Structures are given as structure tokens and as C-alpha cells.
Amino acid sequence: MPLRLYNTLTQQVQEFTPMDGKTVRMYTCGPTVYNYVHIGNLRTFTFQDILRRWLRARGYALNHVMNITDVEDKIIRSAMQQGKTLHEYTEPFEKAFLEDTDALRLERPERLVRATEHIPEMVAAIEKLEQKGFTYQSDGSVYFKISKFAGYGKLSHLDVSGIRAGARVDVDEYDKADARDFVLWKAKRDSEPSWDAPMGAGRPGWHIECSVMAMKYLGDTLDIHAGGVDLTFPHHENEIAQSEALSGKQFSRFWLHAEHLIVEGQKMSKSLGNFYTLRDLFERGYQPEVIRYLLVSVPYRKKLNFTFDGLKAAATSIDRLRNYKLRLDTDKFAAGENAAITERTALALKQFEESLDDDLNTAEALAAIFEYVRDTNSSMDAGEFDEGNRAAAQELFARFDSIMDVLKPTSREVGISEAQIDALIAERVQAKKTKNFQRSDEIRAELLVGGVILEDTKEGMRWKRK
């Protein structure tokens, strides 16, 4: 079955292959480094990691470029308030972003590029747009005339027939469906950081940054451009306009957008007290792989409701997978090979791969693995799982974890003491005696969140730290 991805541009699920049949030229919008990234940002970056891994699993090479936005309105405002240069202000947040993505096991793109290191190329692109008649100047700033670009609105499927000629916007981000001429070069104001250019001292607008860096490293036409759904308009729409105005070619063949993350059913915001960075969750004792599991458990085009109950459930799910893998690796099985189990393993692999081929349906992919665990655990209990079935099952799990990457425990210090562990285990033993299986599972999940793995063996319950 071929890989199929939902293309925002066509509003259809389409079969995907790279233009040259070998290497995927992909650009993804990275962080704006004015603060720590939050879990909503990380949901998008984790989706992009699954996409990377699955493209490679399907035999493609990757040329993936991600930008670091280190100059824009919020950064300039905050840096000036603190009396810092742009680099002094953004460097700690860029470093923190890379630490966070490493903790979540997100693969690094082939190339990370900073906006401030590509200002000359941006100036050249703006001059070229000016020569082609797509711009005008006002008060020292340069704007893109969206009325000159016939395809404006084709990504966000926005009706721009009623736009007011000459209505323009200076800020980098603005209201949805507010189609206006957008700024390419912002004239210097007061003591703002600026660069010299033929059109006057100033700095680039946010939108031109991505177009220029994408085209420099990946060429005029990309295979995939991905980001959060909130970037569809105006950012990605504006990228298309200026890029295709420059080259006369399609900018990106596929556009992939991850849906929003909400928290406990509400939009995440600091005012509601439900705004979380990865570091906030670490301070509460949650392991990176548990957070990663929850972020990938819902397909990327569906909203993800991030809850603490969901984190506990994720911990329980990982615990179940690890316990099964431990049994698979260490139990003794009878000689021979059960043909029915061989067939069941092949089916699970097929279901797992077909789910990911179906627009990265991670929920169905996880379901295929858990159904297999349930079925073959029963087979092991009944003595029907043979030694000859072990290797294929291990290969299935290796395939699974090469994409999901949640089985290996993270080596992080945890605050739970041995006395606390012993007390929780004693409570769990009592809960099982009274058939309070819900509490038993909750305790297992609490221990897993605290970095402790329980193993139920014939000799009794054992525990170990991750």
C-alpha cells in the first residue's frame, strides 16, 4: 500500500512520493525563540518527527530544513526591554528548544537555519520581487501586493475577492481571514535592531524569512512543507505568494498541518493556569517518553486533549509494552514454530505499517500493536507461543519502536524514595487482593511516572528504576 498524506492545498488525501523518487525535500517551521516552547508546539514537532521516521522507513532519504526564527516583533520587543542584543536574548531559548527536542527523542533535521544569518539573501529576494512588480514602498517599509498574485488564498481557501486595495499590515502575525498586503521589509524604528539595505535600514518581515531559507537549501519546489494549523494563514499563505512570485513555480507540492493541542478541554493559556512547557511536566515527575507517547497517541490532524489522566494512561500503556517485551525476550518457549502465531505477527506488522501509510494514523498503529500484545500474551499463557516465533515478534517491536521510540527508559533522576516505592507496592498488593484493579493499575502508572518499573513474576513482584 502506498504512503498517502492529507494535503491542505488540495484538501485531499493523496499518494506521496518525492519528485525525484528518492529524497524528500522537506521544510518545517521551527520555533520563534522568544520563550520556552510549550507542549502545543511540541505536539507539532513530535508529529514532524513521526513523519521523518516513517518517510525514512519507507526507503526515502531526507533533506529536511527547519528554521529558527530569531528576529521578529516579539523577540525585538523583549530583547529591547531587557537591554540585550538579539543573539543574547535568543541564544538561551534556542539552546532550551534543542534540549527539549532531544529529551523527547525528536530527530534533528539535516539542517537548522537561523533567520539572522540569511539577511542578504532576503534583501536580494525583496529586490527581485520589486523588479517583478509585486511590491510597493510606504514610509520606508516594503509591502507585497497580494492583488498582483492571482493564486492568493489557495492554501487557506480564503475568498480574497473583497480585499481593499492598499490595505496593509505591519505586524508579523495578524487576524485570521484578514487578507492584507503584508510587509517584506520593515523600516527601522528608533533604536530597533536593523540591517542596511538598498531600500533603507530595517529588518525582514517574518514571512520572507521562511521562503528565502527554504528555497536556498531545497530549491524552488519542495516536496513537503509542514507546521501547525495556526500557520496556514497568514504565514504559509504569504510564503506561497512571495515564493511563487519569485520563481514562477509551485512552492510546495504537499502542505501538512498539525491540529491544535488543548488542555483538559480548554485552550491553553497562561491566564487559565494550564500553560505547560516540557520543563513544567518534568518538574511534576513525568518521564519524556510518557509525554511523547501521549503526543503521538492521537493522529496529527485531530485535536489532542492533553490531560494528566492521559499522561497516567500513557505511562500504563508503556508499562504494558515494556512488560510484554521483557517477557518476549526472557521467557522460555517450546521448540518449534507455531504457524498461526507466525501469521498473526505478519498481520500485526501489516496493520501497523498500513496505518502509518494512511496519513500517519498513529492511533490505529498503536491499536494494532496492543491487539497483538493481548493475543500473543494469551498464546504464551496457553503454551502456544514457540521459540521459532520469538525473532519475528522481536522484529515487530523493533519496527514499532523505531517510529514511536517510547520503550527505552530515560535516564533521569527521580524524586521517589525506596520507602515510597515499598509503600505503594504494599498498597497495590492489597488492592489486588480486594480486586480493586483500577487502583492497582493507578499505582503501577504512578510508579512508572516516577521512573519505577514493576515486574509481576512467578516469584512475586519486582521493581527497578528506569
Side-chain angles (χ1 to χ4, degrees), residues 1-5 15-18 22-24 26 45-62 64 104-108 224 288-300 314 316-331 333 337-380 385-410 453:
M1 181 178 291
L3 171 59
R4 301 172 315 286
L5 299 170
E15 183 176 335
F16 174 81
T17 53
K22 299 175 183 177
T23 301
V24 179
M26 178 165 69
F45 297 135
T46 306
F47 137 67
Q48 293 166 358
D49 181 67
I50 297 292
L51 174 63
R52 270 186 61 91
R53 290 170 183 251
W54 191 241
L55 287 167
R56 198 170 55 252
R58 275 292 172 240
Y60 299 125
L62 286 166
H64 174 193
L104 278 185
R105 308 175 184 186
L106 309 188
E107 294 182 350
R108 295 274 180 100
I224 294 174
E289 63 269 30
V290 171
I291 300 165
R292 177 182 171 93
Y293 184 99
L294 182 56
L295 291 177
V296 304
S297 63
V298 175
Y300 76 96
T316 300
S317 296
I318 293 174
D319 192 25
R320 184 180 172 198
L321 292 170
R322 287 174 175 166
N323 281 338
Y324 176 85
K325 183 67 166 53
L326 181 67
R327 184 179 192 186
L328 178 64
D329 291 343
T330 60
D331 272 16
F333 303 119
E337 179 179 343
N338 185 325
I341 301 297
T342 301
E343 187 177 327
R344 181 67 186 87
T345 304
L347 175 63
L349 178 60
K350 181 173 181 285
Q351 290 172 332
F352 177 75
E353 294 186 340
E354 286 184 350
S355 296
L356 291 174
D357 277 339
D358 183 17
D359 195 30
L360 304 179
N361 191 333
T362 47
E364 290 293 333
L366 288 168
I369 297 301
F370 277 101
E371 288 170 8
Y372 178 79
V373 167
R374 180 197 65 204
D375 292 348
T376 52
N377 250 330
S378 297
S379 299
M380 290 176 187
F385 193 102
D386 295 335
E387 180 61 33
N389 299 120
R390 191 196 304 265
Q394 289 173 326
E395 288 173 10
L396 169 64
F397 264 67
R399 182 69 155 175
F400 161 80
D401 211 42
S402 70
I403 308 301
M404 301 303 182
D405 203 355
V406 294
L407 294 183
K408 183 181 177 182
T410 299
I453 300 173

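Keep in mind the model is a prediction, meaning the values are calculated, not measured.
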Nearest atoms (heavy-atom pairs only) where [X] meets [Y]:
X      : Y      : answer
Arg105 : Thr410 : NH2-OG1, 2.8 Å
Arg322 : Leu407 : NE-O, 2.6 Å
Asp331 : Arg390 : O-NH2, 2.9 Å
Ser355 : Glu364 : OG-CB, 3.3 Å
Arg327 : Phe333 : O-CZ, 4.1 Å
Asn361 : Pro299 : OD1-CG, 3.5 Å

Is there a donor-acceptor contact under 3.5 Å from the side chain of [X] to the main chain of [Y]?
X      : Y      : answer
Asn338 : Phe385 : no
Arg292 : Met404 : yes
Asp386 : Gly388 : no
Asn377 : Arg374 : no

Student check: side-chain heavy atoms of [X] and [Y] closer than 4.5 Å:
X      : Y      : result
Leu396 : Ile369 : yes
Glu371 : Arg344 : yes
Leu51  : Leu360 : yes
Leu104 : Phe45  : no
Thr23  : Pro18  : no
Phe400 : Val406 : yes
Leu328 : Thr376 : no

### Query
How many angstroms lie between CD in Gln351 and CG in Leu349, if you round to the nearest 0.5 Å?
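Going from CD on Gln351 over to CG on Leu349, the span is 10.0 Å.
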### Query
When you look at Arg4 and Asp359, which way does the side chain to side chain contact (heavy atoms under 4.5 Å, CB included) test go after all the steps?
CA-CA 5 Å; Arg4 301 172 315 286; Asp359 195 30; 5.8 Å; no
#### Entry: salt bridge (Lys or Arg N to Asp or Glu O under 4.0 Å) assessment of Asp401 paired with Lys408
CA-CA 9 Å; Asp401 211 42; Lys408 183 181 177 182; over 6 Å; no
### Query
Can you check whether Phe352 and Tyr372 have ring centres sitting under 6.0 Å from each other?
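For Phe352 and Tyr372, the ring centres are not under 6.0 Å apart.
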### Task
Walk me through it: do Tyr300 and Thr46 pass the test side chain to side chain contact (heavy atoms under 4.5 Å, CB included)?
CA-CA 9 Å; Tyr300 76 96; Thr46 306; over 6 Å; no
### Worked verdict on Glu353 versus Arg399 for side chain to side chain contact (heavy atoms under 4.5 Å, CB included)
CA-CA 9 Å; Glu353 294 186 340; Arg399 182 69 155 175; 2.8 Å; yes
